Amino acid sequence: MNSSIDDPINGTQAFKASMRAQWDTAAPGWNAHTTDIRAWLHKPTDAMCRMAGVRAGLRVLDVAAGSGDQTLAVAQAVGAQGYVLATDLSPAIAALARDNAIRAGFANVETRVADGEDLGVPEASFDAAVCRLGLMFFPDPLRGLREMHRALRPGGGVCTMVFSRPEKNPCLTILMSTALKHAGLPARDPFLAGGLLSLGQPGRIDALFRSAGFHDVATTALDAPFCLPSVDHYLAFVRSSASPILQILRQLDAASAEAAWSEMRDRLVAFGTQDGWEGPNELLLTAGRRPEEAT
Ligand SMILES: C[S@@+](CC[C@H](N)C(=O)[O-])C[C@H]1O[C@@H](n2cnc3c(N)ncnc32)[C@H](O)[C@@H]1O
């Protein structure tokens, strides 16, 4: 994520190549933590599916699907008469989504390697679309939303899930600021395109939905604490699968990277509870609908 995205062609392509490589590397770690991720995101995922209008028999597009945890939830909801296309920029993580769908016995899931800003699916070919914790990584999220709008039939619903403001996601802020400090890099504007918190600015994502042509746009903020047995469980998750943090620390030698992890631990331990560890997170679920009449 070092690439400048100011250059509209080369910058964006380099950014996406870097993003793809990061998630190819983090794919096994993200997949290995599916149980923790599911416990963390189970309720918000159910809400996302409801808000997108996912129900039995529908064709659903899952954008930036990762290793497919929410894909399986959607596949279950649409049933054997429905269909899910899980898409992701990273071939490695998309392959895991395919394996997971097969292992779970879903014959109604297909996977495809695709940039969410250029999905290559036919116009109006889906009834609903979801995107869980992916849109904030797009250098041009408006383009991503326009693609979802184009892919939906008139009347079709979408719901995306992104992180909200930095203050509501303090662990992410701690991880990012500590990594940047140890890498000798300046603090970043958290709302810079393509970053973890880039769509958390109040009102921003609703404005993007409307610009993309969606109607009935509404955002719900949900508390989604990440509850784990200890801070070390959280760090194990971050160390194997939090690709934006890993990308920054990759530039450091082993001892310097360990110093960064150690400082992160010192700061994150403050979220310990009587029962374990609870990292606060707030998520924004934004829903919209492609209008019946073309706009
Ligand atoms: C935090 S993971 C979320 C994965 C999955 N949706 C989940 O919630 O478990 C972010 C995903 O976004 C994908 N991604 C990032 N930029 C993308 C883009 N431009 N198009 C499609 N997928 C992208 C990454 O490859 C990664 O799989």
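FYI, side chains are in, hydrogens and waters are out, and symmetry mates aren't considered; it's all heavy atoms of this structure. Because the structure is predicted, anything quoted here is derived from the model rather than measured. Order of listing sets the numbers, starting from 1, for every ligand and every atom in it.
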Under 4.5 Å between side-chain heavy atoms, counting indirect links through other Ile/Leu/Val/Met/Phe/Trp/Tyr residues: same cluster for Val217 and Val158 or not?
yes

Quick check on Ala114 - does any of its heavy atoms sit under 4.0 Å from an atom of ligand 1?
yes

Ligand 1 atoms in contact with Ala64 (distance to a heavy atom under 4.0 Å):
4 (C), 5 (C), 6 (N), 12 (O), 13 (C), 22 (N), 23 (C)

Classify the contact between Pro139 and ligand 1 as side chain, backbone, both or neither, using a heavy-atom distance cut-off of under 4.0 Å.
neither

Taking the ring of Phe226 and the ring of Phe237, is the distance between their centroids below 6.0 Å?
yes

Arg55 atom CZ: more than 12 heavy-atom contacts under 6.0 Å:
no

Any side-chain donor near an acceptor of the partner, Arg132 and Thr45, under 3.5 Å:
yes

Under 4.0 Å from one or more heavy atoms of Gln70, ligand 1 contributes atoms 5 (C), 6 (N), 7 (C), 8 (O), 9 (O)

Report the part of Ile93 (side chain from C-beta onward, or backbone N, CA, C, O) that has a heavy atom under 4.0 Å from ligand 1; answer both or neither where that applies.
side chain

Side chain of Asp62, backbone of Val84: donor and acceptor closer than 3.5 Å?
no

Heavy-atom donor-acceptor pair, Thr173 side chain to Asn169 backbone, under 3.5 Å:
yes

Report yes if Asp88 has an N/O atom closer than 3.5 Å to an N/O atom of ligand 1; otherwise report no.
yes

For ligand 1, which atoms have a heavy atom of Gly66 less than 4.0 angstrom away?
4 (C), 5 (C), 27 (O)

Region of Arg132 that comes within reach of ligand 1 [heavy atoms, distance under 4.0 Å]
both

For Met19, counting its heavy atoms only, list the atoms of ligand 1 lying under 4.0 Å from any of them.
15 (C), 16 (N)

What atoms of ligand 1 come within less than 4.0 Å of a heavy atom belonging to Phe137?
1 (C), 10 (C), 15 (C), 16 (N)

Ligand 1 versus Cys131, non-hydrogen atoms closer than 4.0 Å: side chain, backbone, both, neither?
neither

Is it the case that ligand 1 has an N or O less than 3.5 angstrom from some N or O of Gly134?
no

Show which atoms of ligand 1 fall inside a sub-4.0 Å distance from at least one heavy-atom site of Leu133.
1 (C), 2 (S), 3 (C), 10 (C)

Taking only heavy atoms of Gly116, which atoms of ligand 1 are found under 4.0 Å from at least one of them?
18 (C), 20 (N), 21 (C)

Is Asp69 in contact with ligand 1, taking contact as a heavy-atom separation below 4.0 Å?
no

Using a strict 4.0 Å cut-off to heavy atoms of Asp115, name the atoms of ligand 1 that fall inside it.
18 (C), 19 (N), 20 (N)

Sidechain N-carboxylate O distance under 4.0 Å for Arg239, Glu258:
yes

According to the interplanar angle, ranging from 0 to 90°, do the rings of Phe163 and Trp40 count as parallel (below 30°), tilted (30 to 60°) or perpendicular (above 60°)?
parallel

Is there a donor-acceptor pair under 3.5 Å between the side chain of Thr160 and the backbone N or O of Cys131?
no

Considering distance alone, does some N or O of Leu89 sit under 3.5 Å from an N or O of ligand 1?
yes

